[in-house]
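Below: the structure, in structure tokens.
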Amino acid sequence: MAMPYNPQQLEGKWQKFWNEQGTNKTAEDSSKPKFYCLEQFPYPSGRLHMGHMRVYSIGDVIARLKRMNGYQVLHPMGWDAFGLPAENAAVKFGAQPAKWTYENIDFMKNQLNRLGVSIDWSREVATCSPDYYKWTQWLFLTFLEQGLAYRKRAFVNWCPECSTVLANEQVIDGLCWRCDSEVTKKDLEQWFFKITDYAERLLTDLDNLPGWPEKVRTMQKNWIGKSEGANITFTIPELDNEEVTVFTTRPDTLFGVSYMVLAPEHPLVPKLIAGKAEEAKVLAFVEEMKKESDITRTSTDAEKVGLFTGAYAKHALTGEQVPIWVANYVLLDYGTGSVMGVPAHDERDFAFAKKYDLPIHVVINPEDADVLVEEIGVDAAFTEDGTMINSGQFDGMPNREAIKAIADHLEKEGKGGLTTTYRLRDWLVSRQRYWGTPIPIIYCDDCGVVPVPKDQLPVTLPEDVVIDGKRNPLTSSEDFLHTTCPTCGGKARRETDTMDTFIDSSWYYLRYTDSQNKEMPFSKENADKWMQVDEYIGGIEHAILHLLYSRFFTKVLHDAGMFSFDEPFRSLLTQGMVLKDGTKMSKSKGNVVSPDEMIEKYGADTVRLFILFAAPPERDLDWTDTGVEGSFRFLNRVWRLVESHSDLIKTGQVVNAQDDAAKELNRTTHYAIKKVTEDIGERYTFNTAISTIMELVNKLYTYPETSDRGTLAFGLENLIVLLAPIAPHIAEEMWQMIGKSGSVHNQEWPQFDPQALVLDEVEIVIQINGKVRDKMVVANGLSKEDLEKHVLATEKAIALIDGKTVRKVIAVPGKLVNIVVG
RNA sequence: GCCGGUAUGGCGGAAUUGGCAGACGCGCGCGACUCAAAAUCGCGAGGGAAACCGUGGGGGUUCAAGUCCCUCUACCGGCACCA
């Protein structure tokens, strides 16, 4: 009696079974190689969307395959549980952030289980739990001990909508990464992590990450923004020879300097203008600049606006008077916050000099005879290479050489030298928000800034607070605020800022290796055992943010002796988005497909199969209803196939002759094993693995009833095993159906037999002058010479040559024979 | 402006090492089964009447190019008054 495929019924049954059997627990067995498979953990926003389904389906296929392949696999899950939406929910619905968050976690955990993801829940972490954030605080203090956490007053990014400061990485095109509000500047004292100390290592070590997509490495390179040049120190005679240093990538043009520009916020500006006629005007300009947002200020089309300060500097080498200006296009926090102006050899300086009628000195003579020295600075700047002129002792030198020569000379004179600048800024880590890890710092009137001793952690986040969305409730929580100084025992108050949630997520993958540890964030032994993450799967949106921060954390903790590796993620897979009708799913567009409804309708196996089959993982995936139907149809097809032969394996094999059909099926089965193993295990092209499985199914369907039953049984059995990582529930059910004992997921992954792949005969292509003219079946394994001889002797070949002169014959065994005639 | 990526039938995509372009699936058409439909099973198809032409355009290397080289275009993404 045929039973229809009923995913709703069988999926729940097997999920319960796996749970009871502990099938998904990390099976520690040091005789096996380890594999750490990790997908980016979700923010518990409420429910999982299709993007989540995709990332966890991908990760689960890999984890399941590696387990069957004989690895001890670590495949954990957790929750990036601190963050603003919980506070917003508190304002909107009056829910307590903790309660709201944990309810969401429960719901989403259930969704993940319904997808059949093989997670070891015994290692689950939630960043908002005191058991976790205690160690986040511990690590903060470690950064402090290492001299990598510090407090400074600075013009920082401020999101008015989120009422908090932001790191540079969290400002995307001048807008807040979370809410898209325009980011403004605020002068505040804040906590920073010294990621700039690691800029060079973060950059060069990208070359040691061949398992990362080129795209992500390039994005990080761009973000770090290394720039090599020189610092050059000018003096200001009227300010008692006070020094001002500029950064330039073109020290070779030093003799062409005709002015200097400081950023409006530059600390020297007030001194320069004090008591001058220009004072009022410049001050007003500076105030105006401070108000302008970064987008308007730094956009390429913005007009370059500057003002003369009335002050002059003394040129570092010539001693000439150089007028000092302030201008909107010079940024305080890049380089030294001041630049030298060389209009003859820089486009931007040229435009500025033309606008304000500043002198233009040519100091490089073009090699190209078409460019006349007299014309440089008339219509355009000359930015190419050439020979030094008007540059004293450096005249006649190629300008590339002069870069080093001038820098060396400056260094000898104590006026600068070669240097490297990075675009990367220190990571602003404090946030004026409630739902985050409290920064473990105490302020004492007598002792100053005092870290909370590590043995007093955690600094617990109070839950009895009123959240109005306007101000950080910690600032008015009397119990939280008032404490005693750990040093002197006197009255003191706590830091009320919390940490950027990106700190929480910068080390969670380490906690999984030892999530129950009560003494340390993790032991060196466990970290070294499981790390690095062998495959990390997540969205491209974290190419800079989370992935850069995590690399930074790993390097710092490595340097602190906490483990021996210094990159967290050996290999990175960035999955594309899930689209519908060509655009990202969104409520406003009304094109959201609910994972719950899909699982309800077709079962998790169909959803997984479709997601993996519709596109390779890196590409965007367009959700189509007909495609899902197709995947469902395929599973039904497999189900009927196995069911109709379920007795075959149970009742023992009936072996007939090894006819051609049997040989071919045997070959197809072994080929499928080879292909699926490579595609899932190495190439991560799940779509082609699935098409190979489909081909096997098609072959099994057309297999003659009179052919060898043992070969058929072998094909069916392997079909189920190959399908197991992709569609785990149906595979388990069919495994049982054919009378096998134990879980299919505990089976050893099959190995293909290379002998079985060898064909007796092969079809080769006959080309004339590179064009396909005919096909021919020949014995396999012919040498080049024999193949050529054999083919040329055939009537077909003689007819094709048609009496023309054979100039050349190229024979590729197993593929083709190309006859070049003339 | 600099850097990275992508471009293949009606659609998603395959071709891993330079060797039959279009596997597999969706959609479509035809047939079988059925009173009929659905489901299922089977068959068919890049374009063109054909010679031939076909992997964004143009050029090149090669016996042979989706694949290698040069060049251009379009789209996606990163960085950007960065000194």
Side-chain angles (χ1 to χ4, degrees), chain A residues 4 172-173 213-227 229-230 246-250 253 260-261 263 297-305 327-331 333-342 346-349 351-352 421-423 540-541 543-544 582 609-610 613-616 618-631 633-634 636-637 640 675 678-679 682-683 685 687-698 701-702 763-775 807-821:
Chain A
I172 316 288
D173 295 332
E214 184 68 36
K215 183 177 185 171
V216 176
R217 287 190 288 167
T218 307
M219 282 167 78
Q220 291 210 356
K221 257 178 216 161
N222 284 343
W223 186 259
I224 294 167
K226 183 175 180 172
S227 176
V246 298
F247 172 74
T248 177
T249 53
R250 295 290 305 274
T253 64
M260 174 188 276
V261 189
R297 173 95 177 263
T298 60
S299 100
T300 325
D301 0 289
E303 178 83 355
K304 286 158 195 58
V305 188
N328 59 346
Y329 71 88
V330 178
L331 308 172
D333 54 3
Y334 182 78
T336 59
S338 47
V339 301
M340 60 187 208
V342 187
D346 180 275
E347 301 286 359
R348 192 189 45 198
D349 292 350
F352 194 78
T421 301
Y422 301 88
R423 216 189 60 91
I540 189 79
E541 69 272 16
I544 293 167
L609 182 77
F610 171 71
F613 181 57
E618 302 84 3
R619 284 208 218 179
D620 287 349
L621 180 159
D622 207 353
W623 188 275
T624 60
D625 295 335
T626 49
V628 185
E629 290 278 356
S631 294
R633 221 158 32 216
F634 172 72
N636 275 285
R637 192 167 145 84
R640 285 191 305 271
K675 178 84 172 140
E678 287 168 1
D679 284 359
E682 291 156 33
R683 297 205 311 151
T685 50
N687 53 332
T688 52
I690 292 166
S691 31
T692 305
I693 295 175
M694 288 173 169
E695 284 173 299
L696 174 60
V697 170
N698 291 343
Y701 255 92
T702 52
E763 190 185 56
I764 61 153
V765 166
I766 310 299
Q767 293 182 337
I768 299 293
N769 293 345
K771 298 202 173 190
V772 179
R773 286 293 177 246
D774 210 336
K775 286 167 192 182
R807 298 198 184 277
K808 197 173 178 183
V809 179
I810 292 110
V812 182
K815 302 243 187 218
L816 56 78
V817 173
N818 186 11
I819 304 162
V820 185
V821 299

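Any value given below was found using the heavy atoms of this structure, including those in side chains, with hydrogens, waters and symmetry copies removed. This one's a predicted model, so the numbers in the text were calculated from it and none came from an experiment. Note on naming: letters A, B, ... go to the chains in the order of the sequence lines (proteins, then strands), and numbering restarts at 1 for each one.
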How close or far is atom [atom2] of [N] from atom [atom1] of [X], stated in whole angstroms?
{"X": "A/K775", "N": "B/rA21", "atom1": "NZ", "atom2": "C1'", "answer": "11 Å"}
{"X": "A/K815", "N": "B/rC63", "atom1": "NZ", "atom2": "P", "answer": "20 Å"}
{"X": "A/I172", "N": "B/rA80", "atom1": "CD1", "atom2": "P", "answer": "10 Å"}

Check: In dot-bracket notation, what is the pairing pattern of RNA chain B, taking Watson-Crick (N1-N3 plus N6-O4 or O6-N4) and G-U wobble (N1-O2 and O6-N3) contacts under 3.5 Å, with [ ] crossing and | for other strands?
Finding: (((((((..(((......[....))).(((((.......))))).((....))..(((((..]....))))))))))))....
Nearest-angstrom distance, [atom1] atom, [N] to [M]:
{"N": "B/rG66", "M": "B/rG57", "atom1": "C1'", "value": "15 Å"}
{"N": "B/rA51", "M": "B/rC43", "atom1": "P", "value": "27 Å"}
{"N": "B/rU6", "M": "B/rC70", "atom1": "P", "value": "15 Å"}
{"N": "B/rG10", "M": "B/rA23", "atom1": "P", "value": "14 Å"}

Item checked: A/N818 (side chain) and B/rC63 (base): donor-acceptor pair under 3.5 Å ->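 Between B/rC63 and A/N818, which were checked side chain against base, a qualifying N/O pair under 3.5 Å is present.
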When you measure from the side-chain N and O atoms of [X] to the phosphate of [N], is any distance below 4.0 Å, counting only OP1 and OP2?
{"X": "A/K771", "N": "B/rC53", "answer": "yes"}
{"X": "A/R619", "N": "B/rA14", "answer": "yes"}
{"X": "A/R423", "N": "B/rG78", "answer": "no"}
{"X": "A/R348", "N": "B/rC82", "answer": "yes"}

Notebook entry, point to check: Starting at the 5' end of RNA chain B, which residue's closest nucleotide do you reach first, A/P616 or A/E214?
Noted result: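 Between the two, 5'-proximity favours A/E214.
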Notebook entry, point to check: So which one's nearest nucleotide on RNA chain B is more toward 5', A/G630 or A/V812?
Noted result: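 Looking at the nearest nucleotide for each, A/V812 comes out on the 5' side.
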Next item on the list: Could you check whether A/T624 gets within reach of a base, just the sugar-phosphate, or nothing at all, counting any heavy atom under 4.0 Å?
Entry: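 Answer is nothing: A/T624 stays at 4.0 Å or more from every strand.
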Next item on the list: Give A/D622 one of three labels, base, sugar-phosphate or nothing, depending on what nucleic acid heavy atoms sit under 4.0 Å from its own.
Entry: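 It contacts nothing in the nucleic acid.
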Are there any protein N/O atoms within less than 3.5 Å of an N/O atom in nucleotides 39-45 of chain B, and if so, which ones and at what distance?
from: B/rU40; atom 1: O3'; to: A/R640; atom 2: NH2; distance (Å): 3.0
from: B/rC41; atom 1: OP1; to: A/R637; atom 2: NH1; distance (Å): 2.8
from: B/rC41; atom 1: OP1; to: A/R640; atom 2: NH2; distance (Å): 3.2

Next item on the list: Mind telling me if B/rG9 is syn or anti? Syn here is a glycosidic angle within 90° of 0.
Entry: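 It is syn.
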Item checked: Lys NZ or Arg CZ of A/R637 over A/Y701 ring: under 6.0 Å, within 45° ->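 The answer is yes, since A/R637 meets both limits relative to A/Y701.
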